[in-house]
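Here the structure is a predicted model, which means the values were calculated and not measured.
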Amino acid sequence: MLKVIHVYHPAPPTVNGIPYIDPQIEEIRREEFEAYVQRLNTELKEPNDIASIQGEFLVGLAKTEILNYAESTPNAILVMG
């Protein structure tokens with residue numbers, strides 16, 4: 001199994017110096033990521049029937065979330081691009 005992880009860091013834009021957080025942006029990013037993982041599964045399974053690809057959507061700072069993930073899954077091999 002291959003697990004694809006995406007870390008979403010909400011960086012709110014400011015309007016007149018006040019941070020503006022649109023809760024729909026995170027949901028849109030999550031849906032885009034899920035569609036990407038689904039597309040990977042479809043494209044890669046057809047010719048080879050390889051193991052499935054799973055996605056995990058994390059929210060926070062990439063450095064923190066990746067380190068936490070690495071600590072929680074000690075047998076995983078992490079590849080970053």
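Classification of the His6-Phe57 ring pair by plane angle, with boundaries at 30° and 60°, yields tilted.
Around the CD atom of Glu31, the shell of radius 6.0 Å holds more than 12 heavy atoms that belong to other residues, nucleotides or ligands.
Ion pair Glu26/Arg30 flagged as a salt bridge, since at least one NZ, NE, NH1 or NH2 atom sits closer than 4.0 Å to an Asp/Glu carboxylate oxygen.
Taking CZ of Arg29 as the start and CD of Glu32 as the end, the distance is 5.0 Å to the nearest 0.5 Å.
Linking Ile, Leu, Val, Met, Phe, Trp and Tyr whenever their side-chain heavy atoms come within less than 4.5 Å puts Ile66 and Ile5 in one cluster. Note on Phe33 and Leu78: separate hydrophobic clusters, where clusters join Ile, Leu, Val, Met, Phe, Trp and Tyr whose side-chain heavy atoms are under 4.5 Å apart, directly or indirectly.
Side-chain contact check for Tyr69 versus Val7: every heavy-atom pair is 4.5 Å or farther apart. Residues Val59 and Pro10 are in side-chain contact: their nearest non-hydrogen atoms beyond the backbone lie under 4.5 Å apart.
Listed for the Asn41 side chain is a donor-acceptor partner under 3.5 Å among the backbone atoms of Ile53.
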